2 protein chains.
Amino acid sequence: MVNEKNYKKRDAILSYLRQTHTHPSAEMVYGEVKSQIPDISLATVYRNLATFRQRGDIVCIGTVNGMERYDGNTRPHVHFICEGCYKVLDMPEISLSEQVYNQARSLYGCTANYCNLTINGLCDECTAHQEGEHIA
Amino acid sequence: MVNEKNYKKRDAILSYLRQTHTHPSAEMVYGEVKSQIPDISLATVYRNLATFRQRGDIVCIGTVNGMERYDGNTRPHVHFICEGCYKVLDMPEISLSEQVYNQARSLYGCTANYCNLTINGLCDECTAHQEGEHIA
DNA sequence: CTCCTAAATGAGAATGACTATCATTTACAA
DNA sequence: TTGTAAATGATAGTCATTCTCATTTAGGAG
């Protein structure tokens, strides 16, 4: 075992982010990892999320209902954000071409690090729920 | 003059958002409108921004450096976000096809309200500035 | 084994963007 | 003049996130 420093909690956070498809917030990560490792602190979650993001191990999707959402899948893909229940879904059916990425790079001489396409709306559940009420 | 209620400040906020291309935050809007109308309150800015967004008069681009950015141009277009100086630029050269929008609509039976594509990176100024330093 | 160092962590205080509250002001109509 | 409903100003409150600092941990040197 080489270099077995205090990485148990760190690794637990990263592996959870790579397993789940919920695109969790920091609080959601905290709640889940705490069930495995009860003596983990919320500060540790925030700290490691920031570290992972700097290293490029995870990706920030954006702020949903006031909370940043994280994704362990760093390959470019599209997200659907439900404005009703705030769930975040992958949309693998929609592909954002590499062309867009390269186009951004060439324009203005910018260094384009990351491409983020989100589609906002109501998921099917929230749409059905809303139609049940008398709302236009 | 029909219906000339207390809309001076409201109109000032909206017209500023439609004039500028800076994609300002609430604080930036406040600072700019305050130079025209000194007795305006920050609460009024936040309140009207929320109202405009509900009405569809403006659009939220997303959170940049902890602050929501607003755009008076509601037609779908792509934004570049500089991670160095936090400026937000329009990228009219990159067009997100209506196809993507409709594709999202058809998938899952979702109600897609809004499509947001942002490209994150360093603008040319920040890229040049960084190369001046000895950072990889 | 003991001491040392540097990184990781826990707990809680601090920060700051945003929202809620409530009294006041405004425009218009009766 | 009086009443009204909406808009506003000032400020307290909220809450996600960051900061601070003392403590713990793992591994290396002696």
Side-chain angles (χ1 to χ4, degrees), chain A residues 1-17 22-55 57-71 81 83 86 88, chain B residues 1-17 22-55 57-71 81 83 86 88:
Chain A
M1 299 183 185
V2 182
N3 201 10
E4 276 290 331
K5 276 227 169 182
N6 268 357
Y7 293 149
K8 286 178 192 170
K9 291 166 184 176
R10 163 169 300 189
D11 290 343
I13 294 169
L14 185 55
S15 64
Y16 172 65
L17 279 165
T22 59
H23 312 83
S25 65
E27 282 281 353
M28 294 160 74
V29 172
Y30 175 65
E32 186 63 29
V33 177
K34 196 177 181 63
S35 70
Q36 306 168 17
I37 308 175
D39 68 333
I40 195 171
S41 168
L42 183 57
T44 297
V45 173
Y46 274 106
R47 252 187 309 245
N48 282 314
L49 287 174
T51 302
F52 295 152
R53 189 173 57 122
Q54 286 174 11
R55 293 183 180 174
D57 292 331
I58 65 173
V59 148
C60 289
I61 294 173
T63 301
V64 179
N65 193 30
M67 284 170 284
E68 185 69 40
R69 301 291 281 264
Y70 301 89
D71 194 343
I81 298 176
E83 295 168 347
Y86 303 116
V88 178
Chain B
M1 299 184 188
V2 182
N3 202 8
E4 275 292 329
K5 277 226 170 181
N6 267 357
Y7 292 150
K8 285 177 192 172
K9 291 166 183 174
R10 165 168 299 193
D11 291 344
I13 294 170
L14 185 55
S15 65
Y16 172 65
L17 278 165
T22 59
H23 311 83
S25 66
E27 283 281 353
M28 293 160 74
V29 172
Y30 175 64
E32 186 62 31
V33 177
K34 195 177 181 64
S35 69
Q36 306 168 17
I37 308 174
D39 67 332
I40 195 171
S41 169
L42 182 59
T44 298
V45 173
Y46 275 107
R47 252 188 310 246
N48 283 313
L49 287 173
T51 303
F52 295 152
R53 189 173 59 121
Q54 285 174 11
R55 293 184 181 173
D57 292 331
I58 65 173
V59 147
C60 288
I61 294 173
T63 301
V64 179
N65 194 29
M67 285 170 284
E68 184 69 38
R69 302 290 282 264
Y70 301 89
D71 195 343
I81 298 176
E83 295 169 346
Y86 304 117
V88 178

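Atoms considered below: every heavy atom in the structure, side chains included; atoms not considered: hydrogens, waters and symmetry mates. This structure is a prediction, so every number in the text was calculated from the model and none was measured. A note on names: the letters A, B, ... follow the listed sequences, proteins ahead of strands, and every chain is numbered from 1.
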Inset, instruction - Identify, residue by residue, the members of residues 61-70 of chain B with a heavy atom below 4.0 Å from DNA chain C, and return them in order of residue number, or none. - result: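 When residues 61-70 of chain B is checked for heavy atoms under 4.0 Å from DNA chain C, the hits, listed by number, are B:Gly66, B:Met67, B:Glu68.
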
Inset, instruction - Would you jot down, in residue-number order, the residues of residues 35-48 of chain A having a non-hydrogen atom under 4.0 Å from DNA chain C? - result: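 Within residues 35-48 of chain A, the residues near DNA chain C are A:Asp39, A:Ile40, A:Ser41, A:Ala43, A:Thr44, A:Arg47, A:Asn48.
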
Inset, instruction - Mind checking the CD1-CG spacing from B:Ile37 to B:Asp39? Nearest 0.5 Å is all I need. - result: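 It comes to 7.5 Å.
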
Legend entry - Separation of A:Tyr16 OH from A:Met28 CE (nearest 0.5 Å):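 Between A:Met28 CE and A:Tyr16 OH, I get 6.0 Å after rounding to 0.5 Å.
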
Separation of [X] atom [atom1] from [N] atom [atom2], in whole Å?
{"X": "B:Leu14", "N": "D:dA7", "atom1": "CG", "atom2": "C1'", "answer": "16 Å"}
{"X": "A:Tyr30", "N": "C:dG10", "atom1": "OH", "atom2": "C1'", "answer": "10 Å"}
{"X": "A:Leu49", "N": "C:dA8", "atom1": "CG", "atom2": "P", "answer": "15 Å"}
{"X": "B:Lys8", "N": "C:dT26", "atom1": "NZ", "atom2": "C1'", "answer": "10 Å"}
{"X": "B:Arg10", "N": "D:dA5", "atom1": "CZ", "atom2": "C1'", "answer": "13 Å"}
{"X": "A:Glu27", "N": "D:dT14", "atom1": "CD", "atom2": "P", "answer": "17 Å"}
{"X": "A:Asp11", "N": "D:dA26", "atom1": "CG", "atom2": "P", "answer": "13 Å"}
{"X": "B:Lys34", "N": "D:dT8", "atom1": "NZ", "atom2": "P", "answer": "14 Å"}

Student check: side-chain heavy atoms of [X] and [Y] closer than 4.5 Å:
{"X": "B:Tyr70", "Y": "B:Cys60", "result": "yes"}
{"X": "A:Leu14", "Y": "A:Asn48", "result": "no"}
{"X": "A:Leu17", "Y": "A:Leu49", "result": "yes"}
{"X": "B:Thr44", "Y": "B:Val33", "result": "no"}

Inset, instruction - State whether A:Lys9 places a side-chain N or O below 4.0 Å from either non-bridging phosphate oxygen (OP1 or OP2) of C:dG10. - result: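 For C:dG10, OP1/OP2 do have a side-chain N/O of A:Lys9 under 4.0 Å.
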
Inset, instruction - Specify the closest pair of heavy atoms between B:Gly62 and B:Glu68, including all atoms of both residues, with the distance to one decimal. - result: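 Taking B:Gly62 first and B:Glu68 second, the nearest heavy atoms are N-OE2, 2.9 Å.
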
Inset, instruction - Give the minimum heavy-atom separation between B:Ser15 and B:Ala12, together with the two atoms involved. - result: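 Looks like OG-O, 3.2 Å.
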
Legend entry - Under 3.5 Å donor-acceptor, B:Arg69 side chain and B:His23 backbone: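 A pair under 3.5 Å: yes.
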
